[in-house]
2 protein chains.
Amino acid sequence: MTAFAPDPYDRDCPTRQLLDRIGDQWTVLIVGTLGDGPLRFTEIGKRVAGISQKMLTQTLRALVRDGILERRMYPEIPPRVEYELTDLGRDLAEPLGVLTEWATQHMDRVARAREEYDRAASGR
Amino acid sequence: MTAFAPDPYDRDCPTRQLLDRIGDQWTVLIVGTLGDGPLRFTEIGKRVAGISQKMLTQTLRALVRDGILERRMYPEIPPRVEYELTDLGRDLAEPLGVLTEWATQHMDRVARAREEYDRAASGR
DNA sequence: CTGCATCCTGCGCGATACTG
DNA sequence: CAGTATCGCGCAGGATGCAG
């Protein structure tokens, strides 16, 4: 029996769409970071080190568009903008948390598997 | 308190590595497909429609290297090769299943959020 | 501070052709 | 059938500069 969704082969199936979204790693990292609560633009950028300003802007906008994040703008001088998970976003954070937990628990095994594989391959 | 792993900002942290892996959607789709049991190379290609032979080969090799899949070769004429989830792979399939389930349940809300967002944006 | 526009480069990936 | 090898393009994404 199939462990997964109907046909992930249909370009329009939800699974595909979600994968496209979490495909860029930034989505997952940002959602994870915001699990603590709302954060300002710059603050997110500092937490998710390595992300370019362009990708940050881009990813944030996409997430707001998807209803995962809410953007709250305070028309002050200087302007302040905060991003926060919506209910939907918090809901998504949960399965993502399961995944990251899996990662932290098993990635050492993956690392060992890689070493072994590479050693075997080079030895040939 | 942080909902996620230590620092996803470290390029070497397990979370990052996993994300890189599931980043290419093919990984998730292939692991999902193999949840039913072992499959032949060509069979996987047919199930995961849209994947090029190159990406199929590439992804399969990467997954074998990571110890997620096992490659079983039968030296017959014509040659037959089967891929199967390892214990580790089956273990990964579970959290992935949770994610895809989330997708099937909530992607309609995402779709609506997008429409609304686009409508508001274009109306301006 | 929080963006948006532009330019530019690398390389991911598809297409194609060839082997055992 | 199950791959490897090679070429070529498209576009994701980094760097830089400007705006409100």
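Convention: sequence-line order gives letters A, B, ...; per-chain numbering from 1.
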| query | Once each nucleotide of nucleotides 7-13 of chain C is scored for protein heavy atoms under 4.0 Å, what B/S/- sequence comes out, 5' to 3'? | reply | ------B
| Protein-nucleotide distance (B/E82, atom CD; D/dC1, atom C1'), rounded to Å | 13 Å
| query | If you take atom types as modelled and just measure distance, does the side chain of B/Q53 reach the base of D/dG3 with a donor-acceptor pair under 3.5 Å? | reply | yes
| said: Using whole Å, what does the distance between atom C1' of nucleotide C/dG3 and atom CD of A/E76 come to? | reply: 16 Å
| query | Does a side-chain heavy-atom distance below 4.5 Å link A/Y83 with A/L39? | reply | no
| query | Hey, does the side chain of A/R61 come within less than 4.0 Å of C/dG3's phosphate (OP1/OP2), counting only N and O? | reply | no
| message | Give me the atom names and distance for the closest heavy-atom approach of A/V98 to B/P95. | response | CG1-CB, 3.7 Å
| field | Nucleotide D/dG13, atom P - distance to CG of A/L56 in whole Å | value | 13 Å
| query | Does A/E82 come within less than 4.0 Å of A/R80, counting only side-chain N to carboxylate O? | reply | yes
| Which part of the nucleic acid, if any, lies within contact of B/Y83, taking any heavy atom under 4.0 Å across all strands shown: a base, the sugar-phosphate backbone alone, or nothing? | sugar-phosphate
| message | Tell me whether A/D36 is salt-bridged to A/R47, with the criterion being a basic N under 4.0 Å from an acidic carboxylate O. | response | yes
| field | Under-4.0 Å side-chain N/O to phosphate OP1/OP2 contact, B/R40 with D/dA2 | value | yes
| query | Hey, is B/K46 close enough to B/E43 for a salt bridge, meaning N to O under 4.0 Å? | reply | yes
| said: Give me the atom names and distance for the closest heavy-atom approach of B/L85 to B/L34. | reply: CD1-O, 3.8 Å
| said: OP1 or OP2 of C/dG3 versus the side-chain N and O atoms of A/R80: is any pair under 4.0 Å? | reply: no
| said: How many whole angstroms separate atom CD1 of A/I77 from atom C1' of C/dG3? | reply: 14 Å
| task | In whole angstrom, give the distance that lies between atom CD1 of B/I51 and atom P of D/dA2. | result | 14 Å
| query | Rounded to whole angstrom units, what separation is found between the CG atom of A/L39 and the P atom of C/dC1? | reply | 15 Å
| request: In whole angstrom, give the distance that lies between atom CE of B/M73 and atom C1' of D/dC1. | output: 11 Å
| field | From B/L96 atom CG to B/E101 atom CD, the distance as rounded to the nearest 0.5 Å | value | 12.5 Å
| said: Could you tell me how far apart B/I44 (CD1) and D/dA2 (P) are, to the nearest whole angstrom? | reply: 9 Å
